[in-house]
Amino acid sequence: DDGRVVLIRQYRYALDRWIWELPAGSLDAGEDPAAAAARECEEEIGLVPGRVEFAGAWYPTPGFCTEAMNYYRLGGLRAPGPGDPPAHTDEDEDIRVHAVTLDEARAMVARGDIVDLKTAWGLTLA
């Protein structure tokens, strides 16, 4: 809500390096994508969104896969309260959270500091 975007930095074993990303994750069986976006927000950055807005869905690799990526804008972030379900982080995740301005995030893409395509695309939707 203050014009910044929250990025996470985590180690990706497939790349053998730390990378900057937008918070993201997979859907649980039967889970609503908007609910998953809110859950991942709390699990990865420790904040509960008050607003979840659909931004669109795209197929990252339609040549061989039917996976669709759903993008959401989340706002009204707040600390979890007594009525919120507990967040469960993955055991193998070591996540660092950092908020930057949108201009700073886009400069990170231009410099090659952000190499994750879903993140680079997501920043065009902000």
Side-chain angles (χ1 to χ4, degrees):
D1 294 324
D2 65 1
R4 294 184 297 161
V5 61
V6 177
L7 297 174
I8 61 170
R9 185 168 169 85
Q10 65 179 323
Y11 188 80
R12 290 298 190 178
Y13 291 96
L15 301 178
D16 192 28
R17 66 184 272 201
W18 289 84
I19 67 169
W20 289 103
E21 302 176 61
L22 288 170
S26 299
L27 290 170
D28 292 335
E31 187 176 25
D32 174 70
R39 174 181 52 76
E40 288 290 342
C41 180
E42 186 171 359
E43 288 177 1
E44 295 195 348
I45 70 169
L47 297 173
V48 177
R51 189 174 60 261
V52 178
E53 302 168 359
F54 182 66
W58 287 268
Y59 296 98
T61 52
F64 70 91
C65 173
T66 61
E67 174 191 32
M69 287 191 172
N70 298 293
Y71 286 82
Y72 290 85
R73 283 182 210 92
L74 284 67
L77 302 178
R78 62 170 175 77
D84 295 315
H88 302 286
T89 57
D90 293 338
E91 284 183 25
D92 64 341
E93 285 184 328
D94 181 8
I95 295 175
R96 316 291 163 84
V97 179
H98 189 61
V100 298
T101 67
L102 190 53
D103 286 343
E104 288 172 312
R106 289 178 176 156
M108 292 171 74
V109 173
R111 284 193 309 266
D113 295 337
I114 292 177
V115 296
D116 173 50
L117 187 57
K118 77 176 176 326
T119 297
W121 176 249
L123 292 171
T124 70
L125 303 172

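- A salt bridge between Arg39 and Asp28 is present, with a side-chain N of the basic residue lying under 4.0 Å from a carboxylate O of the acidic one.
- Once rounded to the nearest 0.5 Å, the distance linking CD1 of Ile45 with CD of Glu40 reads 11.0 Å.
- Ala37 and Leu74 make their closest contact through O-CD2, 3.7 Å (heavy atoms, listed as atom of the first residue, atom of the second, distance).
- The CG atom of Asp103 sits 14.0 Å away from atom CZ of Arg4, with the distance rounded to the nearest 0.5 Å.
- For Phe54, the ring pair (Phe, Tyr, Trp, His ring centres under 6.0 Å) criterion is met by Tyr72, not counting sequence neighbours.
- With hydrogens and angles ignored, the 3.5 Å screen pairs no side-chain donor or acceptor of Thr61 with any backbone N or O of Phe64.
- Residue pairs meeting the salt bridge (Lys or Arg N to Asp or Glu O under 4.0 Å) criterion with at least one member in residues 64-78, sequence neighbours excluded: Arg78-Asp84.
- Residues Met69 and Pro60 form a side-chain contact, since some pair of their non-hydrogen atoms from C-beta on lies under 4.5 Å apart.
- The CH2 atom of Trp20 sits 9.0 Å away from atom CG of Asp113, with the distance rounded to the nearest 0.5 Å.
- Shortest non-hydrogen contact noted between Gln10 and Ile95 is OE1-CG1, 3.8 Å.
- Between Arg17 and Val115 there is a side-chain heavy-atom pair separated by less than 4.5 Å.
- Across Leu77, Val48, Val6, a single residue satisfies side chain to side chain contact (heavy atoms under 4.5 Å, CB included) together with Cys41, and that is Leu77.
- The heavy-atom pair separating Glu44 from Ala24 by the smallest distance is OE2-O, 2.9 Å.
- Linking Ile, Leu, Val, Met, Phe, Trp and Tyr whenever their side-chain heavy atoms come within less than 4.5 Å leaves Leu123 and Leu125 in two separate clusters.
- What you find for Gly122 and Tyr71 is that their closest heavy atoms are CA-CE2, 3.6 Å.
- For Asn70 (side chain) and Ala57 (main-chain N/O), no donor-acceptor pair under 3.5 Å exists by modelled atom type.
- No continuous path of ILVMFWY side-chain contacts below 4.5 Å connects Trp58 to Leu117, so the two sit in separate hydrophobic clusters.
- Across all non-hydrogen atoms, the minimal contact from Leu27 to Ala36 is CD2-CB, 3.4 Å.
- In terms of heavy-atom proximity, Leu7 sits nearest to Ala105 at CD1-CB, 4.4 Å.
- The cluster map of Ile, Leu, Val, Met, Phe, Trp and Tyr, joined by side-chain heavy atoms under 4.5 Å apart, puts Ile19 and Ile8 in different clusters.
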